[in-house]
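Numbers for residues simply follow the sequence, beginning at 1. What you are looking at is a predicted structure, and each value in this text was computed from that prediction instead of being measured. We use all heavy atoms of the structure for the numbers below, so side chains are in, but hydrogens, waters and symmetry mates are not. Whatever order the structure lists ligands and atoms in, that order sets their numbers, starting from 1.
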Amino acid sequence: MPQQDLAFWQSRAAALAIEGRAFIDGSYRDSASGRQFDCISPIDGRRLTAIADCAAADVDAAVAAARRSFEAREWAGLKPRERKKTLLRFAALIRQHAEELALLETLDAGKPIGDTTSVDIPGAAYCVEWYAEAIDKVGGEVVPADPHLVGLVTREPVGVVACVVPWNFPLLMAAWKFAPALAAGNSVVLKPSEKSPLTAIRVAALALEAGVPPGVFNVVPGGGEAGKLLALHMDVDCLAFTGSTAVGKQIMQYAGQSNLKRVWLELGGKSPNIVLPDCPDFDRAARSAAGAIFYNMGEMCTAGSRLLVHRDIKEMFLDKVLEQAAQWKPGHPLDPNTAMGAIVDQIQLDRVLGYIEAGRAESRLLCGGTRTLSDSGGFYIEPTVFDARPEHRIAREEIFGPVLSVIGFDDLDQAIGLANDSEYGLAAAVWTQNLTTAHEVSRRLRAGTVWVNCYDEGGDMNFPFGGYKQSGNGRDKSLHALEKYTELKSTLLRLR
Ligand code: NDP
């Protein structure tokens with residue numbers, strides 16, 4: 001077993017063959033126009049490969065392939081246990097190719113290799129396994145009805161499902177959508193972000209190798225325009241999206257302008273992490289608060305970007321958080337010891353630095369605040385902490401970078417008011433020893449996930465994931481996600 005250090009991963013990266021074409025109806029192909037865009041690594045600004053820039057003709061071809069395979073019932077018509085077998089093979093192939101996929105993800109998105117090998121790729125394989133295992137165990141209902149009737153309520157696949165996904169967890173976010181959609185018998189058109197298309201393109205071939213029929217799983221890399229075309233498409237039955245709230249709002253409009261396709265949105269967040277004076281362990285809470293905002297470079301929809309601390313303990317706790325922040329030094333993403341990698345691209349780097357400038361103007365900078373490792377040609381930002389007030393821009397808007405706003409409060413009601421004073425409602429956390437306080441605060445927090453005495457726990461698939469308010473609708477993960485990709489049908493049989 002070779003030693004897996006930076007040199008090991010660099011040599012693997014140098015030997016990597018990278019596919020950049022679209023995957024439509026069971027084979028790789030260039031875009032119809034022949035147009036391509038460059039795939040740039042945020043690690044060092046180097047061009048990795050050219051990617052097919054899919055436009056209307058490609059989106060139409062992918063949707064037509066999905067429709068044909070769906071109508072022919074090549075996948076939807078299989079026994080659930082046959083779909084399960086195929087999806088388990090697909091998951092096994094993802095695991096078999098884990099090293100290659102982790103490398104692609106790290107090169108493409110700048111995520112630390114330690115994370116892509118331990119979280120992103122195994123997480124995606126596990127997600128596919130989970131829905132594979134579930135699909136031959138969920139059934140419909142026989143409901144109470146008049147004595148002369150038999151009443152059945154069944155779930156049927158919606159048809160053609162488009163998945164439009166972001167760049168922060170490229171394969172994992174895609175899997176959260178395509179796995180339940182495929183398990184339920186749909187045909188899928190996946191559009192990865194143009195910032196991180198490589199793993200989506202690669203796993204399409206693995207799905208085919210596993211036995212997913214041609215046309216059932218298609219990948220159309222392209223920019224926002226390809227996503228818009230899918231959202232406006234008259235033959236897409238359902239669109240599942242993860243990304244910004246602004247684009248989520250547009251997608252709902254596109255659905256209204258076209259065929260009222262079902263739209264499921266997992267959007268942004270500005271999640272509060274509340275530390276009360278009776279926190280059971282301040283050291284663990286500080287470590288967790290730093291991880292909540294610096295893990296994945298802060299490019300997390302659930303990032304604990306607002307740290308609300310009771311004023312009685314604020315100074316003491318801030319010292320601990322700053323100590324922890326120092327542990328998150330940016331480094332080379334291919335070095336297994338690196339905790340914080342590169343920001344995904346120049347645009348996101350500029351966006352985060354813009355927020356830091358806004359923060360410098362109105363809040364008090366406590367650490368970080370600058371770009372670093374510029375000589376590499378890549379995009380790195382130091383972990384940054386501000387002492388802020390709730391009305392400051394950095395404390396209200398989603399930054400999607402390693403920037404923490406610490407806000408003081410005087411009592412519990414004020415903390416809950418501040419926590420809920422956001423257009424978002426994706427996640428929240430509270431630290432307290434008191435069981436009653438824990439339950440009461442959790443109930444009052446308007447968020448899809450609440451953590452008590454932890455943050456970002458729950459890597460298994462059993463918990464529904466999604467937001468209140470402008471953080472979106474519907475839920476990824478868990479059996480509830482199957483509801484998004486199925487229609488309910490009532491069948492009434494008259495006996496006499
Ligand atoms: P977007 O919301 O623009 O991108 C998400 C996905 O939607 C990508 O595949 C993108 O394609 C696609 N897309 C873009 N425009 C359209 C459109 N008009 N119709 C349909 N699909 C579209 O996120 P950004 O990459 O621009 O990031 C900006 C901000 O969004 C971040 O700073 C962060 O605040 C937030 N965000 C939140 C995420 C979350 O997990 N909740 C994830 C990513 C971003 P393409 O990338 O190819 O343009």
Of the choices E299, R351, E398, which has the non-hydrogen atom that lies closest to atom 28 (C) of ligand 1?
R351
Short side-chain donor-acceptor distance under 3.5 Å, T245 and Q470
no
Heavy-atom gap G222 to ligand 1 smaller than 4.0 Å
yes
With heavy-atom distances below 4.0 Å as the criterion, list the atoms of ligand 1 near G268.
41 (N)
For atom 3 (O) of ligand 1, the protein heavy atom that lies nearest, with its residue and separation:
V247 CG2, 3.5 Å
Test ring pair (Phe, Tyr, Trp, His ring centres under 6.0 Å) applied to Y455 and W431, step by step:
CA-CA 10 Å; Y455 204 98; W431 295 77; 8.5 Å; no
P166 neighbourhood, listing ligand 1 atoms whose heavy-atom distance to it stays under 4.0 Å:
42 (C), 43 (C)
Apply ring pair (Phe, Tyr, Trp, His ring centres under 6.0 Å) to F465 and W176, showing your working.
CA-CA 10 Å; F465 180 88; W176 282 10; 5.1 Å; yes
Could you check atom 11 (O) of ligand 1 against the protein and tell me its nearest heavy-atom contact, residue, atom and distance included?
K191 NZ, 3.1 Å
Could you work out, for atom 41 (N) of ligand 1, the closest of L267, L190, L426 by heavy-atom distance?
L267
Using heavy-atom distances only, which candidate in F400, Y254, F241, Y355 approaches atom 7 (O) of ligand 1 most closely?
F241
Contact (N/O only, under 3.5 Å) between G224 and ligand 1
yes
Is the NZ or CZ atom of K191 positioned over F241's six-membered ring, under 6.0 angstrom from the centre and within 45° of the axis?
no
With a 4.0 Å cut-off on heavy atoms, is F169 in contact with ligand 1?
no
For ligand 1, which atoms sit closer than 4.0 Å to a heavy atom of K195?
25 (O)
Taking only non-hydrogen atoms of C301 and a 4.0 Å limit, the atoms of ligand 1 in range are 39 (C), 40 (O), 41 (N)
Set of residues satisfying salt bridge (Lys or Arg N to Asp or Glu O under 4.0 Å) with respect to D115, sequence neighbours excluded
none
Which option out of I51, V165, D345, V352 puts a heavy atom nearest to atom 8 (C) of ligand 1?
V165
Just wondering, are more than 12 heavy atoms of other shown residues or ligands nearer than 6.0 Å to CZ in R47?
yes
Heavy-atom count check: over 12 atoms from other residues, nucleotides or ligands less than 6.0 Å from F463 CZ?
no
From the candidates Q250, K228, M300, M173, the one that places a heavy atom nearest atom 18 (N) of ligand 1
Q250
Can you classify the ring geometry of W328 versus Y295 as parallel (below 30°), tilted (30 to 60°) or perpendicular (above 60°)?
perpendicular
With a 4.0 Å cut-off on heavy atoms, is A231 in contact with ligand 1?
no
